[in-house]
Amino acid sequence: MSEARRKAAPSRARRKKHWALRVAGWLMALFFLGVIGAAATFFIGYQTTDIPDPNKKFQMNTTTVYYSDNEHELGSFFDQNRKSVPLEQIPKTVQDSIIAAEDRTFWTNPGVSPSGMARAAFNIARGQQLQGGSTITQQYVKIMYLTQERTFARKFSELFIATKLSRQTDKKDILEGYLNTIYFGEGAYGISAAGEAYFSQSDPKKLTIPQTALLATVLNNPSYFDPDKAVAQKRILERYRYVLDGMRIGGTITEADYVKYSKAVPKLDKPKKPGRFAGTKGYLLAMAKEELETLGYTPEEISGGGLRVVTTFEYGKQNEAVRAGTKELPEKNAGLHVGLASVRPGTGELVAMYGGNDFLKSELNWARLRARPGSSFKPFAVAAALKDDRSLYDTFQGTSPIEINGEEKNNEFDRSYGADVTLLKATKLSINTAFYDLVDKQMEDGPSKVVDAAEAAGIPKTAALERGRNQSSTVLGPDPYASPVEMANAYATFAAGGMYTPVHTIKSVTTPGNAKNFNQKDKYKPERKFDAELAAKVNFALMSVTEDGGSGEGAQKLDREVAGKTGTAGGVAVEHRAANAKCDGCKDGDDTLTSWWTGYTPNLSTSVLYRAGKTGEGDLDPFSDDKAFFGGNWPLKTWLAYMEPALGSSDEVKFEEPNPDSMDSPTPTYTPTSPSNTPPSTPPSTPPSSPSEPPPSTPPSTPPSSPPSSPDDPPTTKPTRPTRPTIGFPTGPNDPPGGGEGGGGGGGNGNNGNNQ
């Protein structure tokens, strides 16, 4: 090699080294610029990113509804099944299981974990699913502040917010928020709802270590780690052991515990999951929800406000109402619908209600649908007459027919009870003509005064009822004036001595933080509607209905003082025709037979309504041996089946007696013009247009109370209380208990009505 070449070789080497150093320098510079740029980008992103407002739906909590005892749970309202629990009420074992599963450096990391994200990417690339890449803080940010979309922009926002949140918020607060919002599957958000969903245990303190480890396993991916999937069992066991191992490493459990618990995952104990509104409870929950709205609670508060709602429904009484409404029925009951409502007089509390078998199958609540009350509307005429300075011993026409506005109105089967019958006797035997005589001929503006009395007692003011101010037949309930709920509460006004309290279902509401609490005493207060003496007289008259020979004599089986009234009517309300088409066995335009027994004691008022569509009756025949459509028969039996256990062994409370000095209106001796207490020797040539009750099988031996012997002499003795002998129900096809009831026929004026 020449000397020149030897000198040139080192020069080339130096040049190559120089270029290598220059490239390295540029690369280093670019790296530092990248780091600086990334740092600047992160700093700018951090400074310009604000923590947004939390997602409202993850601040929502399940509203729980209880029976009146505040212990038995009736149901719940929720968009998300979630119940927040303070961190101090979540055991350390539960906290540690979640941390072991999702973020083992939670207490020390700055809210993000680059190494964790890289590790997650590597595991996913290998087809594994054992670890996630996001910290607990990042997951909480994604749930509470961001959307679930998968974009780089959202991921960068997640990083910035997680870092800022970790710096500005106590880790305990982050963990508490996470444990109350993370989704565990089964519709459960948060640890409390998850414990209930998988192990029927909503209190985190009562969860075992294996149970908490399984919940921590599931939350990573509730679909992938679904315990109900056979294909998932192997991977569930692997991750379950991973969680337990993390708890062992962290010192939460011992090595022996790990060996013991890791053998198998714990068995699930899921509660039965009927629809929230399934069965008979659905009617109660729907009514409670409706009332919450009227009290000013918004739908968001009801479904996500975490309210604790205590209703007026009593657990034991409600069970008895369902049993009576489903079991104590005629054997032939196809197409029959039963509504039962029970109200506590003086408080307006609806303590029990039966509106149907299954709310999910039909939302028609037969305890709340208004129907034709028939003769069960007559007590309001009695109250109106007494307020008009009439007496229970004033007399009215008992013969049939009576001419009203040029039309003949009849008693059932055209019976005649005599030219003059007392208002007391007319009430006991439900004599139509006497009540027509009262409201049309002997009391100025009689129909309007009946409406006034009904509304004062608690029957809602409706267009149908207001039309009744101009109809004599209003006294016989020809239109859909009331539901069993409303009728029970209206009669409760008399039971409470004339004090009316609005019927209601909400006893109390407690909000988180006690920000918007409610108590029934603040809203539903008794108001005097009738003089106490007038109410005592109405009670006295309605007690005669349950005497021997009265249309409700079967109530004597209760073996305590009872007042009440039967009623039967025909025809369906126009506004219910379309609704009836939705019910099982009903068709559009069906006529509906209605049969009532509303009976009460001083401490419980209960109304039972039987209804059946014309084409939905099946074998149900109102004139058959079953006699289901006489208020004093099967409706009263259903009433007894509820009232006997509902009152149980409680002390009997007696009605206040009327002042004898106020019962001094005389009455002539009752002389019937035709047999009034025995059935006709032959049946009528044509059946009545709607169901009616034959007279009692055994006539009363004496009038309901002894009238004075002279028209000028007031009664010389205190009015007697109805006796309470024990009797059985008659079984003959033509002798149901009680007299006739009369009613509003099939039309607005009740022409020739035999409804009772």
Side-chain angles (χ1 to χ4, degrees), residues 64-75 280-281 283-295 297 307-322 324-325 339-355 365 367-368 456-460 482-510 517-529 535 562-564 598-609 639 642-643 645-648 650-651 653 655:
T64 307
V65 185
Y66 294 87
Y67 286 95
S68 63
D69 59 9
N70 201 10
E71 294 179 0
H72 288 89
E73 187 173 326
L74 174 58
T280 58
K281 291 182 180 180
Y283 300 99
L284 312 186
L285 289 169
M287 193 171 183
K289 187 174 184 180
E290 180 181 316
E291 188 170 321
L292 286 170
E293 291 177 350
T294 65
L295 292 174
Y297 292 91
L307 309 179
R308 186 182 183 93
V309 179
V310 181
T311 68
T312 60
F313 299 115
E314 296 186 14
Y315 183 74
K317 288 183 175 60
Q318 180 59 30
N319 288 338
E320 295 300 338
V322 172
L340 183 153
S342 189
V343 173
R344 178 172 290 109
T347 69
E349 293 175 327
L350 184 62
V351 299
M353 179 180 71
Y354 175 75
N365 185 341
R368 297 189 69 194
I459 301 299
S483 68
V485 169
E486 293 159 350
M487 195 68 81
N489 196 47
Y491 278 45
T493 298
F494 299 123
M499 300 296 290
Y500 162 76
T501 308
V503 65
H504 59 281
T505 65
I506 303 299
K507 191 173 182 179
S508 67
V509 181
T510 305
N517 291 348
F518 167 82
N519 188 285
Q520 62 179 345
K521 295 180 180 179
D522 299 329
K523 173 77 173 178
Y524 306 113
K525 299 179 179 179
E527 180 182 357
R528 180 158 296 286
K529 293 292 187 176
V562 176
T598 304
Y600 60 96
T601 68
N603 46 13
L604 203 58
S605 175
T606 302
S607 182
V608 174
L609 169 64
W639 179 89
Y642 163 75
M643 287 289 282
L647 292 172
S650 62
D651 294 336
V653 180
F655 291 102

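Along the sequence shown, residues carry numbers from 1.
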Any side-chain heavy-atom pair from [X] and [Y] closer than 4.5 angstrom?
{"X": "T347", "Y": "T501", "result": "no"}
{"X": "R308", "Y": "V65", "result": "no"}
{"X": "V503", "Y": "V485", "result": "yes"}
{"X": "I506", "Y": "Q520", "result": "no"}
{"X": "L74", "Y": "T311", "result": "yes"}
{"X": "Y491", "Y": "S607", "result": "no"}
{"X": "Y354", "Y": "Y283", "result": "no"}
{"X": "V309", "Y": "Y66", "result": "no"}

Euclidean distance, [Y] [atom2] relative to [X] [atom1], rounded to 0.5 Å:
{"X": "E314", "Y": "N319", "atom1": "CD", "atom2": "CG", "value": "11.5 Å"}
{"X": "R528", "Y": "T493", "atom1": "CZ", "atom2": "OG1", "value": "10.5 Å"}
{"X": "S342", "Y": "L604", "atom1": "OG", "atom2": "CG", "value": "3.5 Å"}
{"X": "L292", "Y": "L307", "atom1": "CG", "atom2": "CG", "value": "7.0 Å"}
{"X": "K317", "Y": "R344", "atom1": "NZ", "atom2": "CZ", "value": "5.5 Å"}
{"X": "S483", "Y": "M353", "atom1": "OG", "atom2": "CE", "value": "9.5 Å"}

What closest approach, in Å, do [X] and [Y] show between heavy atoms, and which atom pair accounts for it?
{"X": "Y297", "Y": "N517", "value": "OH-C, 3.9 Å"}
{"X": "A535", "Y": "G497", "value": "CB-C, 3.5 Å"}
{"X": "G346", "Y": "A496", "value": "N-CB, 3.6 Å"}
{"X": "P345", "Y": "T601", "value": "CG-O, 4.1 Å"}
{"X": "Y500", "Y": "A457", "value": "CD1-O, 3.4 Å"}
{"X": "N489", "Y": "P502", "value": "ND2-C, 4.0 Å"}

*More than 12 non-hydrogen atoms from neighbouring residues, nucleotides or ligands closer than 6.0 Å to CG on D522, yes or no?*
yes
*asked:* I'd like to know whether W639 forms a side chain to side chain contact (heavy atoms under 4.5 Å, CB included) with V562, so could you lay out the CA-CA distance, the side-chain angles of the two residues, the decisive distance to 0.1 Å, and finally the verdict.
replied: CA-CA 12 Å; W639 179 89; V562 176; 3.6 Å; yes
*For the residue pair Y524 and H504, categorise the inter-ring angle as parallel (less than 30°), tilted (30 to 60°) or perpendicular (more than 60°).*
parallel
_Less than 4.0 angstrom from a charged side-chain N to a carboxylate O is my criterion; do E486 and R368 meet it?_
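Between R368 and E486 there is no salt bridge, as every charged N stays at least 4.0 Å from the carboxylate O atoms.
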*Do the charged groups of E527 and K529 touch, with an N to O distance under 4.0 Å?*
yes
*Begin with the C-alpha distance, continue with both residues' side-chain angles, and end with the deciding distance and a verdict on side chain to side chain contact (heavy atoms under 4.5 Å, CB included) for T598 and T606.*
CA-CA 6 Å; T598 304; T606 302; over 6 Å; no
*Report the C-alpha distance between L284 and T505 in whole Å, list the side-chain angles of each, state the deciding distance to 0.1 Å, and finish with yes or no for side chain to side chain contact (heavy atoms under 4.5 Å, CB included).*
CA-CA 8 Å; L284 312 186; T505 65; over 6 Å; no
*Identify, with sequence neighbours excluded, every residue that meets side-chain hydrogen bond (donor to acceptor under 3.5 Å, both in side chains) alongside Y600.*
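For Y600 the side-chain hydrogen bond (donor to acceptor under 3.5 Å, both in side chains) partners, ignoring immediate neighbours, are N539.
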_Evaluation steps, side chain to side chain contact (heavy atoms under 4.5 Å, CB included), between T312 and S68_ = CA-CA 5 Å; T312 60; S68 63; 5.5 Å; no
